[in-house]
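A short worksheet on the structure shown next.
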Protein chains: 2
Amino acid sequence: MTETLPTIAILGGTGKEGTGLGLRWARAGYRVIIGSRAAERAAQAATEMNTLAGVTTVQGLENSAAVQAAEVVVLTVPPDAQMATLESVQALLRGKILVDATARVDYRDPRPPEGQASGRMAQTLLGPEVRVVAAFQNVPAHALKQLETELASDVLVCSDDAEARTLVVGLAQAAGMRAYEAGGLDNGLVVEGLTALIIAMNKRYKSKTGGIRISGLGV
Amino acid sequence: MTETLPTIAILGGTGKEGTGLGLRWARAGYRVIIGSRAAERAAQAATEMNTLAGVTTVQGLENSAAVQAAEVVVLTVPPDAQMATLESVQALLRGKILVDATARVDYRDPRPPEGQASGRMAQTLLGPEVRVVAAFQNVPAHALKQLETELASDVLVCSDDAEARTLVVGLAQAAGMRAYEAGGLDNGLVVEGLTALIIAMNKRYKSKTGGIRISGLGV
């Protein structure tokens, strides 16, 4: 492998989903930077992740510094914090790829989100100089931490930029997931909504591991 | 089997999807009634289906007569005709189960539908005396006609009525599909939207058989 892997910053990287994704990328040889509003929390999470992943490359920084150091920025904050977090680093995101994992589904009252896709809202805020990709919205955080376990759910990658879509499919595969390009950003609304259906099915069939798989594409 | 199978009327039963579903139910021993606005067209379709399915039980009737003769009514008309068709048989649907397969996705410009789920709109129109179930929104019509072929896509069944949901899962299984209860009617909006993603993936991966499978439920 002579190709240089992009550096990945994860905003909300101290949360379960961010940590799980970061662990898998760090093990796959990517340089991972955990972003947090508090630099100390980020540094602490990075130390724990280095131990868990058996690497020394994970670094923890305040969100702005994390964005500046990365080519790809992954957002795994709670839905309520999506817009404020993006606004806080908006100027620094120029020229980069933003991977938005926001799924606005309330686990206590799961229903499909209304209005625009989260990724579309991010793209509208950030403008055409940032390539927004919606992905990882319904990856179960607990399964991410089991590094050797294959995930039950495939990743559907939506973006208006075909090149960025392909790159993020590669990131998902590097993290041990099956991933598929699934059209433009607006389609991300459906992927967010799938979370509500997965919760409903898990409840109905008394499972914790329900997921979606893509079939029949021949790839 | 001593249990009596419900009689199924299919409105829009002369179309590809209705015909495909009807063939599979007829072969499974259900009494199937093809409904159409024109009784002659319905009768003609029924004759062809009896030949294809190797049965003599399929009957063709004008929509109102079809609804009256059935316990379960399946709606497979184009999205534009959904509301008008339901209004034309509204009073006759009382006490019955309506299975709404409407997916408002334009194949030439596929995008997730906005607003309410089709099934929710049907339920609002018909009121609480009709149990509406959303299902079969993204079953590929061409695959339905290949009676021996397992379908690439699972059926997600959404309804506010748990008993009706279970019954429709049984109908899907009788037609040779894997099916899962996936929560209330509002979740049907996501299932409709999946059609847009499947189209996008088929286009991207040069396939015609892309579909969704549910995994990890242990059933």
Side-chain angles (χ1 to χ4, degrees), chain A residues 105 109-117 120 138 140 143 149-154 156-159 162 165-166 169 178-219, chain B residues 105 109-117 120 138 140 143 149-154 156-159 162 165-166 169 178-219:
Chain A
V105 171
D109 179 24
R111 54 179 68 229
E114 292 175 0
Q116 290 196 312
R120 172 63 65 207
N138 35 43
T149 307
E150 205 199 354
L151 294 178
S153 221
D154 292 346
L156 300 175
V157 178
C158 301
S159 176
R165 218 158 49 200
T166 304
V169 164
R178 302 204 318 185
Y180 298 92
E181 297 184 39
L185 270 183
D186 295 324
N187 284 356
L189 186 67
V190 178
V191 187
E192 288 182 67
L194 276 174
T195 308
L197 273 74
I198 292 170
I199 295 170
M201 287 189 279
N202 275 337
K203 192 176 166 192
R204 166 66 183 82
Y205 296 104
K206 299 180 173 51
S207 171
K208 289 180 177 177
T209 56
I212 301 286
R213 285 249 186 252
I214 302 307
S215 71
L217 291 181
V219 287
Chain B
V105 171
D109 179 23
R111 54 179 66 229
E114 292 174 359
Q116 290 195 312
R120 172 62 65 207
N138 35 43
T149 306
E150 205 200 355
L151 295 177
S153 222
D154 293 344
L156 298 175
V157 178
C158 302
S159 175
R165 217 158 51 199
T166 304
V169 165
R178 301 202 320 183
Y180 298 92
E181 298 183 39
L185 270 182
D186 294 324
N187 284 357
L189 186 67
V190 177
V191 186
E192 288 181 67
L194 276 173
T195 309
L197 273 74
I198 292 170
I199 294 169
M201 288 189 280
N202 275 336
K203 192 175 167 192
R204 167 65 185 82
Y205 296 104
K206 297 180 174 50
S207 172
K208 290 179 177 178
T209 56
I212 301 285
R213 286 246 187 255
I214 304 306
S215 71
L217 291 181
V219 287

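Chain naming here is simple, since letters A, B, ... match the order of the sequence lines and numbering starts at 1 in each.
Counting only distance, with no hydrogens or angles, the side chain of Asn187(A) and the backbone of Arg111(B) share no donor-acceptor pair below 3.5 Å. Checking side-chain atoms of Ser159(B) against main-chain N and O of Gly183(B) turns up no donor-acceptor pair under 3.5 Å.
Of all heavy-atom pairs between Ala196(A) and Pro112(A), the closest is CB-N, 4.0 Å.
Contact count versus chain B (heavy atoms, under 4.5 Å) is highest, among Gly211(A), Gly115(A), Ala200(A), for Gly211(A). When Ala182(B), Gly184(B), Ser215(B) are compared by the number of non-hydrogen pairs under 4.5 Å with chain A, Ser215(B) comes out ahead.
Contacts of Glu181(B) with chain A are made by both backbone and side-chain atoms, with heavy-atom separations under 4.5 Å. Using a 4.5 Å cut-off between heavy atoms, Ile198(B) makes no contact with chain A at all.
The salt bridge (charged side-chain N to carboxylate O under 4.0 Å, His left out) test applied to Asp154(B) returns Arg178(B), Arg213(B), not counting sequence neighbours.
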